[in-house]
Amino acid sequence: MNTKPVVLVVMDGIGVAPEGAGNAVRNAYTPTLDYLMSNCPWTAIKASGKAVGLPGDDDMGNSEVGHNAIGCGQVYSQGAKLVNESIESGVIFESDTWKELVENAKGHTFHFVGLLSDGNVHSNIAHLKAMLTRLKEEKAGKVRVHILLDGRDVPEGSSVNYVKDLEEHMASLNGDGFDARIASGGGRMYITMDRYEADWSMVERGWKTHILGVGRKFNSALEAIETYQKEGGYTDQLMPEFVICDNGQPIGTIENHDSVVLFNFRGDRALEFSRAFDEGADFKGFDRIRKPDVIYAGMLQYDADLKIPNKYLTAPPKIENTMSEYLVKHNVKTYAISETQKYGHVTYFWNGNRSEKFSEELETWVEIPSDVIPFDQRPWMKSAEVTDELIKAIESGEYAFLRCNYPNGDMVGHTGAYESTIIGVEAVDLALSRVKEACDKAGAILLVTADHGNADEMLDKKGKPKTSHTLNKVPFIIYGADAEIKDGEFGLSNIAATVFKFLGLPVPEAWDEAIIK
C-alpha cells in the first residue's frame with residue numbers, strides 16, 4: 001500500500017457554476033480554492049440525477065445520495081426512484097405493511113405526515129397523491145394529511161401551489177364515504193423534521209400539532225399560510241404550526257387504532273419523528289403527553305441497523321462493497337469527522353446506510369456538536385473546530401485515509417441569505433488552507449470535492465433568493481500527487497476507485513472506474 005495518507009474534504013453544497021450575482025462561491029474571497037483550481041489537476045463531476053441514482057437528470061442531488069455514491073463507489077436506485085418503482089409496479093400496495101395499515105384504519109382514520117413538495121429530496125407530492133387514490137379504490141373512509149411546508153428544495157413561497165394541488169386532488173376523490181382533508185401543518189425547519197438530535201423541540205412541536213391538535217386554529221391550510229405571511233412575513237420553511245378546525249375543534253388528531261404513514265423517503269429528518277411513535281416508555285426525546293396506539297410506518301426504513309421504523313412500505317437498497325468495508329479488509333485505519341449537521345453523512349450514509357462501524361479498531365468517527373442557532377446567524381458554523389481535530393488526526397500519522405465534511409455551503413445556503421453564505425464559503429476556504437498546510441507537513445495527498453451544489457446559485461431566474469440545491473457539477477481537485485485526470489464524464493461514484501489508486505490498493509470490480517489514469 002502507498003505510504004502517503006489521503007485526505008478527502010467534502011465542501012458540502014459548493015458547486016461549479018458561471019459567474020453571476022447569486023454565485024456565493026465565485027463571489028466569495030477564496031484564495032485557497034482559487035489556488036488549487038489554478039495549479040492542480042481538477043475536473044467537474046456530476047452530483048445529481050442518474051449519476052447518484054435518482055430518477056432523472058433534472059433531479060437535484062443531495063447529501064445523502066451524494067455520500068452514498070462517494071463512500072460506496074457505485075450507484076444504487078435511491079429515494080424517489082425506489083418509491084417511484086414501487087408505486088408504478090404496484091408492489092407497495094401489495095406489501096403486508098400497506099394491507100395492515102388499510103385494514104387497521106377501517107372505522108378509524110388513515111393519516112399521512114410529510115413534506116409537501118415535489119423537490120424529490122425528502123418526498124414527492126406525487127407519491128402522496130398516488131396513495132390517496134389507492135385508498136379511495138380500497139374504500140377507505142376518513143383520511144387526514146399533516147403537511148410540512150418546504151421552501152428549501154423548491155422555491156420559497158411555493159407552498160400555496162402545493163396546497164392547492166393537494167386539495168384539488170382530494171376534492172376529486174371525496175364522496176361515496178371517502179373524506180380526505182388537510183389536518184395540520186407548519187414549516188419543515190420549525191416542526192417535525194429535526195435531524196441528528198440537534199433540536200428535539202422541533203419534533204415536540206410537530207407532535208403536539210399533528211397528534212394532539214395543539215396549535216393556532218384555522219379554517220384551512222391556505223388561510224393559515226396567508227395569515228402567517230401577512231402577519232409575520234414567515235417563509236415556508238419557518239412557518240409556525242397550524243391546526244385545521246371545524247367549529248373550533250381539530251379535524252384530525254391522531255387517536256388509538258388509527259394508521260399513520262410518514263411519506264418522506266429520506267431518512268435523516270424522519271428518524272426522530274419515527275422514534276417518537278416506535279419507542280416505548282424509555283423514549284427520552286420529549287414528553288409526548290399522549291402516545292396513541294397506532295400502526296405507524298415510514299415510506300422507507302430510515303435506519304436498517306437500528307430498525308427505524310419497525311414497519312415501512314418500500315425496502316431500501318441493499319448497499320454492499322462499500323469503501324469502508326474494503327479498507328477494513330485491507331487493515332487500513334481511517335478517520336471521519338464533521339459537525340452534527342453532516343456527521344451522519346460521513347459515517348452512516350458513507351457506509352451504505354449502516355449505523356455501525358465495520359471495525360471499532362480501524363474506524364475512528366468524531367462528531368463536533370453543531371450550534372442550535374439559525375445558520376445564517378453563525379455562518380462559519382463549526383469549521384474551525386472540525387479543522388482543529390482533523391489536523392490533529394493528520395499530524396498523528398495513525399490514519400491512511402481521512403475524510404471530513406464542511407456543511408457551511410449547504411446549511412447556510414438553504415437559508416437563502418446571500419451575504420451569510422458568502423461568509424460560510426469563506427470559512428470553508430480558510431479551513432481548507434489549514435488542512436492544505438497540514439497535508440504539506442505530513443506529505444499527504446489532499447482531494448477536495450463536494451456532494452452537490454447549493455451556494456453556487458443563491459438567486460433564481462427572477463432574482464429572488466434560492467434556497468434549494470442545484471444541478472451543477474462539483475469540483476474534484478487533486479493536490480500533492482503527480483496524477484493525470486482521464487478524459488470523460490465522471491460522477492461522485494468514481495471517487496472511491498480514485499482513492500484506492502492513490503492508496504495503492506486493488507479497486508473492487510463492482511466499483512465505477514477511477515478518475516485518474
Side-chain angles (χ1 to χ4, degrees), residues 4-14 30 32-33 36 47 63-64 66-71 196 268 322-324 327 332-351 357 362-371 375 379-412 424-442 444-452 454-455 474-480 492 495-496 498-499 502-503:
K4 275 192 171 186
V6 175
V7 179
L8 176 65
V9 172
V10 179
M11 307 179 298
D12 211 295
I14 294 183
T30 55
T32 308
L33 193 57
L36 293 173
S63 297
E64 289 63 44
H67 284 77
N68 270 170
I70 299 172
Y196 307 145
D268 58 345
T322 65
M323 192 192 302
S324 293
L327 287 168
V332 175
K333 197 168 185 181
T334 65
Y335 181 91
I337 185 171
S338 186
E339 62 176 277
T340 304
Q341 288 297 326
K342 299 292 179 175
Y343 172 72
H345 297 77
V346 294
T347 55
Y348 171 79
F349 290 107
W350 183 279
N351 277 3
K357 298 175 183 177
L362 296 175
E363 294 181 87
T364 298
W365 294 354
V366 177
E367 176 184 2
I368 305 296
S370 291
D371 293 319
F375 302 113
W380 46 88
M381 299 181 67
K382 293 294 185 180
S383 57
E385 292 86 344
V386 169
T387 306
D388 291 343
E389 295 304 315
L390 177 60
I391 289 174
K392 289 178 186 176
I394 294 170
E395 291 176 341
S396 74
E398 288 185 47
Y399 306 99
F401 177 61
L402 306 92
R403 61 187 184 268
C404 88
N405 178 299
Y406 291 110
N408 310 57
D410 188 41
M411 300 310 299
V412 187
V425 172
E426 292 176 348
V428 172
D429 191 78
L430 178 59
L432 194 58
S433 71
R434 297 177 59 205
V435 176
K436 173 177 168 291
E437 182 179 353
C439 288
D440 286 337
K441 292 179 179 178
I445 296 169
L446 174 62
L447 306 178
V448 181
T449 192
D451 52 349
H452 57 76
N454 186 331
V474 299
F476 181 76
I477 306 166
I478 301 168
Y479 174 77
L492 297 177
I495 292 176
T498 308
V499 169
F502 281 128
L503 290 173

Handout entry: Pair Y479-D440, side-chain donor/acceptor within less than 3.5 Å
Key = yes
Completion exercise
Separation between NE2 (H452) and CD1 (I14), nearest 0.5 Å, reads 10.5 Å
Handout entry: Distance (rounded to the nearest 0.5 Å) between K333 NZ and L402 CG
Key = 10.5 Å
Exercise for the section: Verify side chain to side chain contact (heavy atoms under 4.5 Å, CB included) between L8 and I70, making sure each step is shown before the conclusion. Expected result: CA-CA 10 Å; L8 176 65; I70 299 172; 4.0 Å; yes
Problem - Side-chain heavy atoms of M11 within contact of P475, under 4.5 Å - result: yes
Fill in the blank from the handout: The single option from N405, T347, D410 that satisfies side-chain hydrogen bond (donor to acceptor under 3.5 Å, both in side chains) with K342 is D410
Problem - Side chain to side chain, L327 and L503, heavy atoms closer than 4.5 Å - result: yes
Problem - Residue pair I337 / V346, side-chain heavy-atom distance below 4.5 Å - result: no
Handout entry: Minimum-distance pair of heavy atoms, taken over all atoms of T364 and K357
Key = CA-NZ, 4.3 Å
Problem - Separation of Y348 OH from D268 CG (nearest 0.5 Å) - result: 9.5 Å
Handout entry: Close side-chain approach of L430 to T387, heavy-atom, < 4.5 Å
Key = no
Completion exercise
Taken to the nearest 0.5 Å, the spacing of D12 CG from H345 NE2 works out to 7.0 Å
Fill in the blank from the handout: Correct closest heavy-atom pair for A438 and I394 would be O-CG2, 3.9 Å
Handout entry: Donor-acceptor under 3.5 Å (E367 side chain, Y343 main chain)
Key = no
Exercise for the section: Return the minimal non-hydrogen interatomic distance between R403 and S324, and the atom names on each side. Expected result: NH2-OG, 3.9 Å
Problem - Rounded distance (nearest 0.5 Å) linking atom OG of S433 with atom CG of L33 - result: 11.5 Å
Exercise for the section: To the nearest 0.5 Å, tell me how far S383 OG sits from L432 CG. Expected result: 11.0 Å
Handout entry: V425 and T30: CA distance, side-chain angles, deciding distance, side chain to side chain contact (heavy atoms under 4.5 Å, CB included) verdict
Key = CA-CA 8 Å; V425 172; T30 55; 3.8 Å; yes
Practice task
Let me see the working for I478 and F502 under side chain to side chain contact (heavy atoms under 4.5 Å, CB included), right down to the final yes or no.
Solution key: CA-CA 10 Å; I478 301 168; F502 281 128; 3.7 Å; yes
Practice task
Please confirm whether the backbone N or O of P379 pairs with a side-chain atom of N408, one donor and one acceptor, at under 3.5 Å?
Solution key: yes
Handout entry: Salt-bridge criterion met for E395 and K392 (N-O under 4.0 Å)
Key = no
Exercise for the section: Using the test ring pair (Phe, Tyr, Trp, His ring centres under 6.0 Å), find all partners of Y335 that sit at least two apart in sequence or belong to another chain. Expected result: Y399
Practice task
Apply side chain to side chain donor-acceptor pair (under 3.5 Å) to the pair T322 and N351, showing each step before the final yes or no.
Solution key: CA-CA 6 Å; T322 65; N351 277 3; 5.0 Å; no
Completion exercise
E339 and P407 have their tightest heavy-atom pair at CG-CG, 3.6 Å
Practice task
Using the side chain to side chain contact (heavy atoms under 4.5 Å, CB included) rule, take T449 and L447 through it: C-alpha gap first, then chi angles, then the decisive distance, then the call.
Solution key: CA-CA 7 Å; T449 192; L447 306 178; over 6 Å; no
Exercise for the section: State, to 0.1 Å, how close P369 and T340 come at their nearest heavy-atom pair, and which atoms those are. Expected result: CA-OG1, 3.1 Å
Completion exercise
Closest non-hydrogen atoms of D451 and L492, given as atom of the first, atom of the second and distance, are O-CD1, 3.4 Å
Exercise for the section: In sequence, state the C-alpha distance, the side-chain angles, and the governing distance for K436 and T32, and then conclude on side chain to side chain donor-acceptor pair (under 3.5 Å). Expected result: CA-CA 9 Å; K436 173 177 168 291; T32 308; over 6 Å; no
Practice task
Determine whether M323 and W350 make a side-chain contact, defined as any pair of heavy atoms from C-beta on separated by less than 4.5 Å.
Solution key: yes
